[in-house]
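As structure tokens, the structure follows; a few thoughts come after it.
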Amino acid sequence: MSHYVPTAYRTHTLGEIQSKGSELVDSEVTIAGFMEANRGKGAICFVDLRDGTGKTQVFLKQDNIGEEALDLVQRMTRESTLQFTGIVSEKRPPKAKEGVPTPPPAYEVVATSVNLIARAEAPLPLGVTDTVHVALDTRLDNRFLDLRRTHVNAMFRLRGKVLQYGRDKLNSEGFIETHTPKIVATATEGGTDLFPMTYFETPAYLNQSPQLFKQLCMSGGLERIYEIGPAFRAEKHDTYRHLNEFISFDIECSWANDEDVMGILERMIHHIWKSISEDEECLAHIATINQFRATQDEEPIELIVPELPFPRVSYCDAIKIIKEKGGKIEWGDDIDAENSDLLAVDLPQFYFLPQWPMELKPFYIHHIEGEMGSTDRQLSRGFDLNFGRDELTSGGQREHRIDVLIENLKDMDLDPEEFEFYVAGFRHGVPPHAGWGLGVERILMKLTGAANVRETVLFPRDRKRICP
RNA sequence: GCCCGCUUGGUGUAGAGGUUAUCAUGCAGGAUUGUCAUUCCUGCGACCCGAGUUCAAUUCUCGGAGUGGGCGCCA
């Protein structure tokens, strides 16, 4: 539980009024928030006030607060910000129906004064409390209002928790948090399109991945690092799971192979899921999301703490399974969405896909001579982590042998000269190392049941959206 | 980039070649209420843009713009 220190505008949060209500009864508090609704046109009025921590009813009586103040509140628009000072008291319990147990006591504030902070214009571009469906585009155009919806707010609070618990686990295993540059001179991996920019007089790009810099840190003896930061891809994709700017949760680890970092990844995800399942605030957020889903006739989301270790289905086995299920695929093909659906039939949650063909993996992925696939072509030490049909992570052991690295670059039609800043890091001793990159938005989709990755980003950047 | 769909009040929808254009939510006003998703009454508010077909287009055709879904690629 976090500890709230009073600020200039309020002595208590609305969450505290409810959670600490019994000890606050009869004491004076100052609270502030958005007015969800007001009821009552006579000599009394009820206000539903909401802040980021919860909701509380404010009760106004003309005798207590005066005619002018009462009239101000009664004529106030939804979502206006108001500040009240008043006395905490226990709410009168609702008229209990026969056989229904009395609910736990709730608390309200009987106002003695009110201060209008900012009046909301009407009508609202989208209803914060309305149960009518709102299109994603309308929501994103008015994201500040969308975020006031409790289930949306809950999703971003969960996002913070996912990152917190992920950091906790990595810190506990000896990793340190780092930052690599986002403005770079050359392509990281080749292949994907980059956003060009001008860096003073020099052409430059926004980085698509911290990959090469993470590896230089291994050569630098930092041993175990992680970075949670933006990655930019100029691909013109337009799907529920792609963004042009996303947050990549990356690690790199020395003296380790692919299996070692798969262990780190599954332990981290397990820790995140388990911690959330034991965190009351998180469970409340999930309950909030499920309450909303019920109004939309959607299935509730369920938090299933995954068992360790996660299943491992090698690329070769995956091809066999897909073929058995009637999928059209050959060894050496990428596993497309349709075939991933076939795999997901028996693997609905987290599972690893280790040992992809070398020809499908980037130049920095390590391979061991003699490890051949079923068609006698070279396997790699690269892996993916999927959740059902969706890819969440790509990783692997990295190629630390400089001669092999240079050959790999040439094989993939890349010029080692252009990667000199990177290749140089392998020239003076380097530990074997491995790592991965996890899409934060994608794992959040799995946690929150979001159908579109854009929902899990405050201000998503996609092909058609750069504002707000 | 390819394939398919959609565009009607602030929001989300129904609908038809000629309608007082549906419903929900909202907004405004009123009645009632220490309310508990309050309830009730009255009112307000919309057919994406352009061209064509037609006596008549918001409805049909074409084009544009916007948007949703699927795929490719990836995290």
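Within every chain, numbering begins at 1; the chains are lettered A, B, ... in the order of the sequence lines, protein sequences first and strands thereafter. For clarity, every value in this text was computed on a predicted model and none was experimentally measured.
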(message) Using ring centroids (six-membered ring only for Trp), state whether A/Y364 and A/Y422 fall under 6.0 Å.
(response) no
(request) Scan A/S394 against the nucleic acid and name what it touches under 4.0 Å (heavy atoms): base, sugar-phosphate only, or nothing. (result) sugar-phosphate
(request) Fill in the dot-bracket string of RNA chain B, one character per base: . for unpaired, | for a pair to another strand, ( ) or [ ] for pairs within the strand, taking Watson-Crick or G-U pairs under 3.5 Å. (result) (((((((..(((.....[....)))((((((.......))))))...(((((..]....))))))))))))....
(request) Give A/D390 one of three labels, base, sugar-phosphate or nothing, depending on what nucleic acid heavy atoms sit under 4.0 Å from its own. (result) nothing
(message) Can you say whether a donor on the side chain of A/H237 sits under 3.5 Å from an acceptor on the base of B/C74, or the other way round?
(response) no
(message) Students often get this wrong, so: under 4.0 angstrom with heavy atoms, is A/T131 touching a base, only sugar-phosphate, or nothing?
(response) nothing
(request) Figure out the NZ/P separation between A/K464 and B/G1, and round it to whole Å. (result) 10 Å
(message) Taking only side-chain N and O atoms of A/T239, does any of them lie within less than 4.0 angstrom of OP1 or OP2 on B/C71?
(response) no
(message) Can you measure A/R454 atom CZ to B/G69 atom C1' for me and round it to whole angstrom units?
(response) 11 Å
(message) Testing the basics here: between A/I365 and A/R398, what is the closest heavy-atom pair and its distance to 0.1 Å?
(response) CD1-NH1, 3.8 Å
(message) Between P on B/A28 and CZ on A/R78, what's the gap in Å once rounded to a whole number?
(response) 9 Å
(request) Decide, yes or no, whether a salt bridge links A/R442 with A/D390 under the criterion of side-chain N to carboxylate O below 4.0 Å. (result) no
(message) Checking A/Y315 against A/D384: is there a side-chain donor and acceptor pair closer than 3.5 Å?
(response) no
(request) Have a look at A/R389 and say if it touches a base, only the backbone sugar-phosphate, or nothing, with a 4.0 Å heavy-atom cut-off. (result) sugar-phosphate
(request) Before accepting this row, confirm whether a basic side-chain N of the pair A/D141/A/K464 lies closer than 4.0 Å to the acidic partner's carboxylate O. (result) no
(request) Whole angstrom is fine here: how far is it from CG in A/D141 over to P in B/G10? (result) 15 Å
(message) B/G69, OP1 or OP2 - any side-chain N/O from A/N452 closer than 4.0 Å?
(response) yes
(message) Nearest whole Å is fine: how far is B/A75 P from A/I251 CD1?
(response) 15 Å
(message) Distance check needed: B/A37 C1' versus A/F292 CZ, whole Å only.
(response) 15 Å
Do any N or O atoms of the protein come closer than 3.5 Å to N or O atoms of nucleotides 38-45 of chain B, and which pairs are they?
residue	atom	partner	partner atom	Å
B/U38	OP2	A/R39	NH1	3.3

(message) Does the structure show A/F46 stacking with B/G34, if we require the centres to be closer than 5.5 Å and the planes to be within less than 30 degrees of parallel?
(response) no
(request) Without swapping roles, check the side chain of A/R119 against the backbone of A/S80 for a donor-acceptor pair under 3.5 Å. (result) no
(message) Students often get this wrong, so: under 4.0 angstrom with heavy atoms, is A/A231 touching a base, only sugar-phosphate, or nothing?
(response) nothing
(message) Output the rounded distance in Å from CD (A/E235) to P (B/C73).
(response) 10 Å
(message) I'd like to know if A/E79 and A/R50 make a salt bridge, using a cut-off of under 4.0 Å between side-chain N and carboxylate O.
(response) yes
(message) With a 4.0 Å cut-off on N to O distance, would you call A/D333 and A/K328 a salt bridge?
(response) no
(message) Once hydrogens and angles are ignored, does a donor-acceptor distance under 3.5 Å link the base of B/C74 to the side chain of A/R442?
(response) yes
(request) Please state the C1' separation for the pair B/U38 and B/U19 - nearest whole angstrom. (result) 36 Å
(request) Give a yes-or-no answer on whether the side chains of A/Q355 and A/R312 include a donor-acceptor pair shorter than 3.5 Å. (result) no
(message) Does this structure show an ion pair linking A/E455 with A/R139, if we count only N-O contacts that are shorter than 4.0 Å?
(response) yes
(message) Under 4.0 Å, counting only non-hydrogen atoms across every strand here, what does A/G127 touch: a base, just sugar-phosphate, or nothing?
(response) nothing
(request) Look at all strands and tell whether A/D336 reaches a base, only sugar-phosphate, or nothing, counting heavy atoms closer than 4.0 Å. (result) sugar-phosphate
(request) Using a strict cut-off of less than 4.0 Å between a Lys/Arg side-chain nitrogen and an Asp/Glu carboxylate oxygen, indicate whether A/K61 and A/E108 qualify as a salt bridge. (result) no
(request) For B/G1, take OP1 and OP2 only and decide whether either is under 4.0 Å from a side-chain N or O of A/R463. (result) yes
